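Read through the structure below, which is laid out as structure tokens, and then see the notes.
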Amino acid sequence: MARQWLPLITLSIFVLLAAGARAELAYVNSNKAPLFSAKSFSSDTIVVLLKGAEVNVLTRESRWLEVESNGQRGWVSVLLLKATPPGDTVSVIGSDQVELEGNARMRASAVATAGATRGLVESNDTNAMSFDFAELQQVENFTISVQEINQFGVLVNEGE
Amino acid sequence: MFQVSKLTVSKLTALIASLFLFQCASVPPEDDFRARWSDSLLGSNVQANTEAEIKFGREVAARMLVDVDGVENFELQKYVNTLGKYLAQYSARPELEFYFWVIESDTINAYAMPGGYIFLTTSAYRLMENEAELAGVLAHEIAHVKQKHIVNALDIKTVGAGATLTQLTSGASDAFRIAMDQAADQAIQLLTDEGLNQSDEFEADEIGLTIMVQAGYAPDEYLAYLKRVSASKATQQKELSHTHPSFATRLERLEAVKVSYGMENLNYAILEERFKQHPLE
């Protein structure tokens, strides 16, 4: 008799464990996530949650999640939360040898030649493959500090 | 004495097993938004995927910059960059550094490349009247990056003979490097000629609107800008029309988005004065 209950008991334990480990937790993956009193941008902002904040998911809707965080309950846009904590900023700049225009052209030439050898490209015209990594570096060197971004946002949050 | 038949135990076991499977099948929060959201082209290593996305975006951006030049007004470039980075705080892609660049072009358009590289044309900027309109356009492009629309639209598996983007960007073999170049070509074609599919554009409109609103900008200004673009000279809007769904359809959907998110009558920032302090010339 007891043996017939064994699978049921085992499964029940799994279910209870799974319920405990289930994705009831979510993490703010944006720098900021306003917690609204209702599922509407017109409702009051209770608090602005910050990146990495852990929340308990209470209700799921298609575009909103009702969550609880530090005793405060409200609604957050589903777009700002993920089931995993946010990672650090990833950078590949300077991690390879293809950044300088000259190197890129050499690589393009090698690729076109190799491709032509294998019949994978129509011609080995290297002019068709060019890059402007010099201007791209100019774009990437345009740094804005966190303080400047925060200062910029002050006027926005005052509204108009 | 309470008697339970073997059949009852089996049924209970099946029921609990179903509950277990249901719980295991629960999706993480953001995946609810679009079921299509699979990173099928990417592998399972998040860090490697992000690096591949950025490397690919750099290739595409560097190619775009062969044919176009950034404006030599660095006050303006700083203004657009600051606004873009301010908006990107609400993108839920904290692992990406976003870059914004105003490029000389007589077509009204903006381009979002993988990894966070976003270009805005001078013609698009000229047509704007306030900062909220600029925020709306940049937020739309940030949404394309957030959703990896270009990467998902590319048939990299065909181009790369079953390779993932991570493998293509590794440069581990001539074949991968060739495939990478072909993929970059396809990306440029998508950006400047073919355009993304309509569902991607609608999705970028919707997500872009939520980004600009959460950042504090009035959503109606984005709609006003789209209306102005649709009314501009046909020659100027030719490219944008070609790569985007009709303005009438987009505006109709955006009005519906506003209602569903409760975005009507928000007294949010427009900032015409600050925008006017940053002219092109």
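Just so it is clear, the structure is predicted and the values come from calculations on it, not from any experiment. Every chain is numbered from 1 and lettered A, B, ... according to where its sequence line falls, protein lines coming before strand lines. Hydrogens, waters and symmetry mates are skipped; everything else that's a heavy atom, side chains included, is used.
- For a residue to count as touching a neighbouring chain, one of its non-hydrogen atoms must lie under 4.5 Å from one of that chain's; by this rule B:Tyr117 touches chain A with the side chain only.
- Note on ring orientation: taking the six-membered ring where Trp is involved, the planes of B:Tyr79 and A:Phe152 are tilted (angle from 30° to 60°).
- For a residue to count as touching a neighbouring chain, one of its non-hydrogen atoms must lie under 4.5 Å from one of that chain's; by this rule B:Ala132 does not touch chain A.
- The candidate with the highest count of non-hydrogen atom pairs below 4.5 Å against chain A, out of B:Ile54, B:Leu266, B:Thr82, is B:Thr82.
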Set out, in order, the CA-CA distance, both residues' side-chain angles and the distance that settles side chain to side chain contact (heavy atoms under 4.5 Å, CB included) for B:Asp181 and B:Glu59, then state yes or no. CA-CA 8 Å; B:Asp181 285 315; B:Glu59 290 262 344; 4.0 Å; yes
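- Looking at A:Glu140 and B:Arg58, a side-chain N of the basic residue comes within less than 4.0 Å of a carboxylate O on the acidic one, giving a salt bridge.
- In this structure, the separation between CD on A:Glu68 and CD on A:Glu54 is 10.0 Å, given to the nearest 0.5 Å.
- Heavy-atom distances place the side chain of B:Glu131, and not its backbone, under 4.5 Å from chain A.
- Enclosure of atom CG in A:Asn70 is not indicated, since only 12 or fewer non-hydrogen atoms of other residues, nucleotides or ligands lie within 6.0 angstrom.
- Interface remark: of the candidates B:Trp101, B:Tyr217, B:Phe74, B:Trp101 forms the most heavy-atom pairs closer than 4.5 Å to chain A.
- Between B:Pro94 and A:Pro86 the shortest heavy-atom distance is CG-CB, 3.6 Å.
- Of the listed residues (B:Gln214, B:Met263, B:Arg93), the one with the most heavy-atom contacts under 4.5 Å to chain A is B:Gln214.
- For A:Asn150 and B:Tyr86, the side-chain atoms include no donor-acceptor pair closer than 3.5 Å.
- Contacts between B:Val102 and chain A at a heavy-atom distance below 4.5 Å are absent for every atom of the residue.
- Only the side chain of A:Lys51 comes within less than 4.5 Å of a heavy atom in chain B; its backbone stays farther off.
- Contacts of B:Tyr90 classified as ring-ring contact (aromatic ring centres under 6.0 Å, His included), with partners at least two apart in sequence or in another chain: none.
- Using a 4.0 Å cut-off between a side-chain N of Lys or Arg and a carboxylate O of Asp or Glu, B:Glu97 and B:Lys85 qualify as a salt bridge.
- For chain A, no part of B:Ile211 is nearby; none of its heavy atoms comes within less than 4.5 Å.
- Interface remark: B:Leu96 contributes backbone atoms only to the contact with chain A (heavy atom separation under 4.5 Å).
- With respect to chain A, the highest number of heavy-atom pairs below 4.5 Å among B:Ala61, B:Pro219, B:Gly70, B:Ala184 belongs to B:Gly70.
- Taking non-hydrogen atoms and a 4.5 Å limit, the residue list of residues 33-46 of chain A in contact with chain B, ordered by number, reads A:Pro34, A:Phe36, A:Ser40, A:Phe41, A:Ser42.
- B:Lys258 and B:Asp220 are joined by a salt bridge, as a carboxylate oxygen and a charged side-chain nitrogen come within less than 4.0 angstrom of each other.
- With no hydrogens or angles considered, a side-chain donor-acceptor pair links B:Glu206 and B:Tyr261 at under 3.5 Å.
- Residue B:Asp69 touches chain A through both its backbone and its side chain, counting heavy-atom pairs closer than 4.5 Å.
- Using a 4.0 Å cut-off between charged nitrogen and carboxylate oxygen, B:Glu53 and B:Lys55 do not count as a salt-bridge pair.
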